[in-house]
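Okay, structure first, notes after.
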Number of protein chains: 2
Amino acid sequence: MKVAKFGGSSVASAEQFRKVAGIIQSDQQRRIIVVSAPGKRYKADTKVTDLLIRLAEAVMRGNEYDSLIEAVVERYADIARGLELQASEVIEQMKADLQQKIAAYHDDHLRLLDALKASGEDHNARLMAFYLRSLGMEARYVSPREAGIFVTDEPGNAQILQDSYEKLSKLKQCSNIVVIPGFFGYSLTGHIVTFPRGGSDITGSIVAAGAGADVYENFTDVDSIYCVNPSMVENPRQLREITYREMRELSYSGFSVFHDEALEPVYKAGIPVCVKNTNNPEAPGTWIVAKRDHRNVPVAGIASDTGFCSVNVSKYLMNREIGFGRKLLQILEDEGISYEHAPSGIDNMSVILRANQLQGEKEQRIMDRIQTELKVDEIHIEYGLALIMVVGEGMERAVGVAAKATAAFAQAQINIEMINQGSSEVSMMFGVKEEAVNKAVRALYDAYFAPVYAQKE
Amino acid sequence: MKVAKFGGSSVASAEQFRKVAGIIQSDQQRRIIVVSAPGKRYKADTKVTDLLIRLAEAVMRGNEYDSLIEAVVERYADIARGLELQASEVIEQMKADLQQKIAAYHDDHLRLLDALKASGEDHNARLMAFYLRSLGMEARYVSPREAGIFVTDEPGNAQILQDSYEKLSKLKQCSNIVVIPGFFGYSLTGHIVTFPRGGSDITGSIVAAGAGADVYENFTDVDSIYCVNPSMVENPRQLREITYREMRELSYSGFSVFHDEALEPVYKAGIPVCVKNTNNPEAPGTWIVAKRDHRNVPVAGIASDTGFCSVNVSKYLMNREIGFGRKLLQILEDEGISYEHAPSGIDNMSVILRANQLQGEKEQRIMDRIQTELKVDEIHIEYGLALIMVVGEGMERAVGVAAKATAAFAQAQINIEMINQGSSEVSMMFGVKEEAVNKAVRALYDAYFAPVYAQKE
């Protein structure tokens, strides 16, 4: 049995709905379908989720909002028309549902936002089930409540409750095709609560794990996951196989294909993930698995992200002070700041963190506390850092992986601000100035992947 | 004015005493002399300090110890005979002093050990002053108490009290040559307390800083500091100049020429240090200075040390947990463990520390605490790690320094367990398996220094 999740662009229009139906029909194993809200049909289009956020804002501000309800519902009506469905009743129900939610949560803005956002997926799942039935399939909309997706009651940041998995296991016995909206669950008190970023992927992953799927298929709009961001390198190499660990390290630092938190449930359940293209379902896609043969390709991918800074402190004989590092991290923790990496030397320590966590006053307060409490000789913050991750299961034992990277940087005349290798068995981290990041990623790509290409051609 | 400190091998015999006198006479600037206890005269010889430790142990155990007193005093008597000195009175005083100390501290073992150890330097300074006077110099023994070296009252781990520096400044006005024993000071309650490892170097450095010397000369038995341990590479390159920071990083990890703590006073006072050879005083030696021209030689040296281990923990979504790293370091701190470096990845963190800190029960307790308090997925300790430091002021801005190192490792087929670059501006740290450390150091030496040599020849 397969759980197939279709992302926003895969369910954005009538044409896309037809492709999805074809994909479901082509494989009897695809029994549980998770859908996103309709995404963009063309570059300048607006996602339904964004329309819903505007709607929620209009309600909160007391502005006129009927036209926004119309705009949302029109997206579904447009799909229904394109599919030649007699769906006016379904469409009317959507409108009524939005109005009822606005009335119910008028004075509770966080809940209103969550309920309206979630309706994007909910309505699309209803429409998809309706459409599949019109094609003669035994398809049924199942709400997250009926399926058993119960979550913590934190609007916008739902976390799955462990009991849900047992409830979800009953889905396995379902004889017909089940269509579940992604992105949200229900709190134990009956409220709609949305997942954080990447929410529909999280739903798909939870459902696959709970229902004990053989495969979790994640349909998107690219043929595969690439070894590097395609906006940085032209026609980069496609990945046939990647491990959970590799995917997680990559998705953490700039790979937007798959949100890292979404992998946890399938990773823990040991269910392989296949990322496929709705627009080209024949392409083999990329498999995310527990183990891969990495003898020939020690490095799986290169990811990068900008917007980091480094808090550098130095103090003579720092290494004699038991507890120095702990105290420095404590100060950051007191301010709610998370850090990426904290390399330390004999008299120096640096803490690399996302710079947006250091806003004006906080920055000064932290500097002052470090100065007075730790009596450092020097402290300065360096902004404009980019982190680059070279990720691969084969790296740990491959002599020369680091040499290739550093040689590539040297040849491209890029100064390495920081290297972190050794904590993770599957990644190596480099810090460079933000302005050098594109050049650095291309240099690394050429070093690790260009020869493989050349060999094949 | 110069403060000249002579190490154990420089004052081990009559012949060495003659060299020291010659060195003092050859430069009017050498007015303050700091001496160690007599060291080894030949490889199988025993240092006086070690004889004194044996003496203390015999006293503590209630064993016969007269023969040990004789053995200690005989070393000085031997020097006196070799110098044709009429020193029987001085020698008798030594014997009386040892007996008096044993009587005074018979029941306080820590104080006894400190007092006896310190006598090695103290008696040697008295003998040196006596000898210099016999040559017609105006030389005077000055005890640390008279000089003003007052320290904290921690036997074996004295730390200088800041007030001492003002007292020491009066030494500058001294018209004759002052001979001060190294290795110890006096607590405010009048007890002898020794410095930690490298103690006579510490005394020399404190005296130089306090007396406002122009140069602190450190006489030892090598022509210069080498860029790498001469036991690992044959005839390595000599260093003409090195900065305090470089010296400190090198001496921390395996460079035994200069103990790192000893540099602090002169570093803070901005006094240049010259390391010279008592047996070849004409050689220019190595200067330790605040700044050097590093354009042509970005790397100053390579040091290494073994006996490290790595505590590796992994936990899925670790990076989401604010405070994880701090808590891990807190557990180590609770156990009084200091760490060298704590690289962290997305789901992993490693803490590198000296393995001798993890004794049987403590290891298990720490593992258990990490497991239960931090709920990690996995924890294991990897023993047998060596750390290699590549040190140089010119590294920070030199593209390709890291590339050279990693290429050298790759060529020598050495797997890099860990790289830490970026916290310190003057060093890069590599972790390798202990069995690979010699090969690794030689590979790095060839990469950084062999070409420079080739150029010169």
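Just so it is clear: chains get the letters A, B, ... in the order the sequence lines come, proteins before strands, and each one is counted from 1.
Looking at A:Phe430, there are no atoms closer than 4.5 Å to chain B (heavy atoms on both sides), in backbone or side chain. Proximity to chain A is absent for every atom of B:Ile352, based on heavy atoms less than 4.5 angstrom apart. Only the backbone of A:Ile414 comes within less than 4.5 Å of a heavy atom in chain B; its side chain stays farther off. With a 4.5 angstrom heavy-atom cutoff, B:Glu261 touches chain A via backbone and side-chain atoms both.
Annotation: A:Lys268, atom NZ; neighbour count of heavy atoms from other residues, nucleotides and ligands within 6.0 Å does not exceed 12. Remark: A:Gln411 CD is loosely packed, at most 12 non-hydrogen atoms of other residues, nucleotides or ligands lying under 6.0 Å away. Within a 6.0 Å sphere centred on CD of B:Glu154, heavy atoms belonging to other residues, nucleotides or ligands number more than 12.
Atoms CD and CD1, on A:Gln357 and B:Ile322 in that order, are 6.5 Å from each other to the nearest 0.5 Å. Here B:Met428 contributes atom CE and A:Ile416 contributes atom CD1; the two are 8.0 Å apart, rounded to the nearest 0.5 Å. Interatomic distance, CE of A:Met395 versus CG of B:Asn415, reported as 10.5 Å (0.5 Å rounding). One distance of note links CE of A:Met418 with CD1 of B:Ile419; it measures 11.5 Å at 0.5 Å rounding. With rounding to the nearest 0.5 angstrom, the CZ atom of B:Arg326 is 13.0 Å from the NZ atom of A:Lys327. Considering CG of B:Asn348 and CD of A:Glu249, their distance stands at 6.5 Å, rounded to 0.5 Å.
Highest contact tally toward chain A, considering only B:Asp347, B:Leu263, B:Leu332, B:Asn312, is held by B:Asp347 [criterion: heavy-atom pairs under 4.5 Å]. When each of B:Val313, B:Leu329, B:Leu328 is scored by its heavy-atom pairs under 4.5 Å with chain A, the top score falls to B:Leu329. Of the residues considered (B:Ala407, B:Ala402, B:Gly400), B:Ala402 shows the highest number of contacts with chain A, using heavy-atom pairs under 4.5 Å. Comparing B:Glu417, B:Met429, B:Gln421, B:Glu321 by heavy-atom pairs within less than 4.5 Å of chain A, the highest count is held by B:Gln421. Between chain B and the options A:Glu340, A:Arg245, A:Gln330, A:Gln413, the largest number of non-hydrogen pairs under 4.5 Å is found for A:Gln330. The residue among A:Ser427, A:Gly325, A:Ala408, A:Gly431 with the most heavy atom pairs within less than 4.5 Å of chain B is A:Gly325.
Using modelled atom types, one side-chain atom of B:Asn420 and one backbone atom of A:Ser344 make a donor-acceptor pair closer than 3.5 Å.
The closest side-chain heavy-atom distance from B:Ile346 to A:Met389 is below 4.5 Å. Looking at heavy atoms from C-beta onward, A:Ser338 lies out of side-chain contact with B:Phe324 at the 4.5 angstrom threshold.
In this pair, A:Tyr316 and B:Tyr267 present their aromatic rings parallel. The plane angle is below 30°, not in the 30 to 60° band.
Taking every heavy atom of both residues into account, A:Pro343 and B:His341 meet most closely at CA-CE1, 3.8 Å. Counting all heavy atoms, side chain and backbone alike, B:Ala410 lies closest to A:Ala403 at CB-CB, 3.8 Å. In plain terms, the two heavy atoms of B:Leu317 and A:Glu264 that are nearest each other are CD1-OE1, 3.1 Å.
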